[in-house]
Undergrad: 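The structure is given below, and queries will be raised subsequently.
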Amino acid sequence: MTDRILLLPGDGIGPEVTAQAQRVLEAVADRFGLSLAFESGLIGGASIDAHGTPLTDEVVEVARKSRAVLLGAVGGPRWDELAVDVRPEKGLLRIRKELGLYANLRPAVVFPALAAASSLRPELVAGIDMLVVRELTGGIYFGEPRGRGVEDGRRVARNCMVYDEVEIERITRTAFQAAQGRRRHLTHVHKANVLDVSQLWMEVVDEVARDFSDVELVHQLVDSCAMLLVREPARFDVIVTGNMFGDILSDEAAMITGSLGMLPSASLGEGGVGLYEPVHGSAPDIAGQDAANPLAAILSVAMLLEHTLGHAEAAAAVNAAVEGVLADGARTADLVLGDDPRDVIGCVAMGDRVLARLSS
Ligand SMILES: NC(=O)c1ccc[n+]([C@@H]2O[C@H](COP(=O)([O-])OP(=O)(O)OC[C@H]3O[C@@H](n4cnc5c(N)ncnc54)[C@H](O)[C@@H]3O)[C@@H](O)[C@H]2O)c1
């Protein structure tokens, strides 16, 4: 059976890193005998320029019929002045919603060769291997009513944080299942001392926990979690939380590992289509210079192989190739610390190194 993969490179460095990720996916498919068919589409600013909208219905349809979507990044200063509803980021929000991708999995792992790249002391970052499971289609980014207006002569804006128990239960199950395959520890992050929404999360998470007695569950306030992440990051295994807290905490966890350019993500849902993308944005400051780090996109390919194609061996081969090139000393500019004497290589050369490792 041939699996269709939709490539949505997007804007800025998106096309550069996606090209390297595609090369790796093709090579791994060859090696492990997978049959893949690629299709490409536009998203974000590129789609706005071509069609006046950040995501067309046609691309959504192709995505629905694909096994997986491999996305680059969207956005850039060219589109910053547009109204919120037609901005590039709307394309991302829409595709997540259309595909029912409610679970965003963001691993944060410190590769031994990169421990010195963290802003924390090496002894604090050694052994960091956590997974942030973020609810992606609900909460304050989608809640109604929302909008801006003028009331009593004053400008007013509002957004609403809304979750129902089904949304909470399904993401909580995803997180417990992930914890079962790891160190069996789950931290639920909330703000239940202030938010009614968080109180409902507490209730539902406790109910789901009864089905996972082999996983230790801890409820942690979001503010103290933010502190613990920099004080004692290695204590975390799986973290589950809502959309906005997860957005912020996963970026914090990301920076602890050293570089945004190393962080992949998977977005999964009920429909069976998985969406895989690097955590970073379109990096307009380095776009077009062959300076982007493609490893986050390449590690997203490993997640695609594992979660959508169910090929753990192929996924492990990609992860090992990335670990190998880092151990060899290959570095893109973002991975080089101030006085590091290493040669800096570009995006394409980093892709070449990963391919060489894969075939060695
Ligand atoms: N998922 C997405 O598509 C996504 C996520 C975040 C931001 N954005 C958009 O991207 C644009 C830029 O946003 P930003 O600057 O806040 O975030 P960003 O992630 O694009 O860049 C932040 C910094 O990290 C660097 N960086 C990011 N990825 C890198 C990589 N692979 N290799 C080397 N360096 C890398 C950039 O050069 C920049 O200095 C904005 O339009 C924003 O809306 C998109």
Side-chain angles (χ1 to χ4, degrees), residues 1-11 13-48 50-51 53-75 88-107 134 136-137 170-171 174 264-280 282 294 296-315 317-318 351:
M1 193 187 90
T2 298
D3 290 309
R4 186 188 340 209
I5 310 292
L6 174 61
L7 303 167
L8 296 179
D11 310 316
I13 62 167
E16 300 173 47
V17 298
T18 307
Q20 301 314 311
Q22 182 183 0
R23 290 172 76 201
V24 169
L25 189 48
E26 283 170 343
V28 106
D30 262 4
R31 178 168 150 193
F32 290 93
L34 307 172
S35 173
L36 304 179
F38 292 93
E39 248 182 85
S40 290
L42 298 177
I43 191 167
S47 177
I48 294 173
H51 304 294
T53 170
L55 185 70
T56 61
D57 296 343
E58 289 72 26
V59 171
V60 172
E61 272 322 297
V62 178
R64 280 192 217 284
K65 291 184 190 132
S66 303
R67 269 314 282 292
V69 178
L70 192 56
L71 198 142
V74 299
E89 293 76 8
K90 270 281 165 190
L92 267 187
L93 295 182
R94 180 169 172 217
I95 196 158
R96 290 169 181 165
K97 194 85 181 168
E98 296 272 4
L99 296 177
L101 304 173
Y102 61 80
N104 184 225
L105 277 55
R106 292 204 197 182
R134 164 189 169 196
L136 205 56
T137 52
R170 63 189 184 183
I171 187 80
T174 302
S265 76
S267 301
L268 310 172
E270 280 159 349
V273 188
L275 184 140
Y276 299 85
E277 58 183 320
V279 165
H280 60 74
S282 60
I298 290 170
L299 291 168
S300 300
V301 163
M303 294 191 84
L304 186 160
L305 289 162
E306 182 182 345
H307 294 282
T308 289
L309 301 183
H311 208 308
E313 200 188 339
V318 174

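Model, not experiment: these values are computed from the prediction.
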Undergrad: Before you tell me yes or no, could you show the steps for L275 and L8 under side chain to side chain contact (heavy atoms under 4.5 Å, CB included), namely the whole-Å CA-CA distance, both residues' side-chain angles and the distance that decides it to 0.1 Å?
TA: CA-CA 10 Å; L275 184 140; L8 296 179; 5.6 Å; no
Undergrad: The test is salt bridge (Lys or Arg N to Asp or Glu O under 4.0 Å); show your working for R23 and E26 and say whether it passes.
TA: CA-CA 5 Å; R23 290 172 76 201; E26 283 170 343; over 6 Å; no
Undergrad: Start with the C-alpha distance between L268 and Y276, add both sets of side-chain angles, then the distance that settles side chain to side chain contact (heavy atoms under 4.5 Å, CB included), and finish with yes or no.
TA: CA-CA 9 Å; L268 310 172; Y276 299 85; 3.5 Å; yes
Undergrad: Minimum heavy-atom separation for P88 and D11, please, with both atom names.
TA: CB-OD2, 4.1 Å
Undergrad: Which heavy atom of P278 sits nearest to which heavy atom of A296, and what is that distance?
TA: CB-CB, 3.6 Å
Undergrad: Which distance, rounded to the nearest 0.5 Å, do you find between the CG of L42 and the NE2 of H51?
TA: 5.0 Å
Undergrad: Could you tell me which non-hydrogen atom of A46 sits nearest to which non-hydrogen atom of G10, and how far apart they are?
TA: CB-O, 4.1 Å
Undergrad: Are side-chain heavy atoms of L93 and R96 found at a separation under 4.5 Å?
TA: yes
Undergrad: Does the distance from a Lys or Arg side-chain N to an Asp or Glu carboxylate O, for D57 and R94, drop under 4.0 Å?
TA: yes
Undergrad: Quick one: CG on L6 to CG on L71, what's the gap to the nearest 0.5 Å?
TA: 8.5 Å
Undergrad: Taking the side chain from S265 and the backbone from V279, do they hold a donor-acceptor pair closer than 3.5 Å?
TA: no
Undergrad: Tell me, with the steps shown, if K65 and E39 meet salt bridge (Lys or Arg N to Asp or Glu O under 4.0 Å).
TA: CA-CA 11 Å; K65 291 184 190 132; E39 248 182 85; over 6 Å; no
Undergrad: Considering the options D3, T2, T308, which one meets the side-chain hydrogen bond (donor to acceptor under 3.5 Å, both in side chains) requirement together with R67?
TA: D3
Undergrad: Side chain of N104, backbone of A266: donor and acceptor closer than 3.5 Å?
TA: yes
Undergrad: Between CD of E98 and CZ of R64, what distance do you get to the nearest 0.5 Å?
TA: 5.0 Å
Undergrad: OG/S282 to CD/E89 distance, rounded to the nearest 0.5 angstrom?
TA: 8.0 Å
Undergrad: For a quick test of reading the model, state the closest non-hydrogen atom pair linking A103 to L136 and the distance between them.
TA: N-CB, 4.5 Å
Undergrad: If you apply the rule side chain to side chain contact (heavy atoms under 4.5 Å, CB included), what do you find for V59 with I43, and how did you get there?
TA: CA-CA 8 Å; V59 171; I43 191 167; 5.9 Å; no
Undergrad: So if I apply the side-chain contact (heavy atoms from CB on, under 4.5 Å) rule between V28 and each of L304, L305, L309, which one comes out positive?
TA: L305
Undergrad: Looking only at heavy atoms, which two atoms of P294 and G351 are closest? And how far apart?
TA: CG-N, 4.3 Å
Undergrad: Look up atom OG in S47 and atom NZ in K90, then write down how far apart they are to the nearest 0.5 Å.
TA: 14.5 Å
Undergrad: Where is the tightest heavy-atom contact between P54 and G91, given as atom of each residue plus distance?
TA: CB-N, 3.6 Å
Undergrad: Show, in sequence, the C-alpha distance, side-chain angles and deciding distance for L99 and V69, and conclude whether the side chain to side chain contact (heavy atoms under 4.5 Å, CB included) test is met.
TA: CA-CA 10 Å; L99 296 177; V69 178; 4.3 Å; yes
Undergrad: Starting at OH of Y102, measure out to CZ of R170 and round the result to the nearest 0.5 Å.
TA: 6.0 Å
Undergrad: Quick check against the 3.5 Å criterion: does S66 have a side-chain atom that pairs as donor or acceptor with the backbone of I5?
TA: no
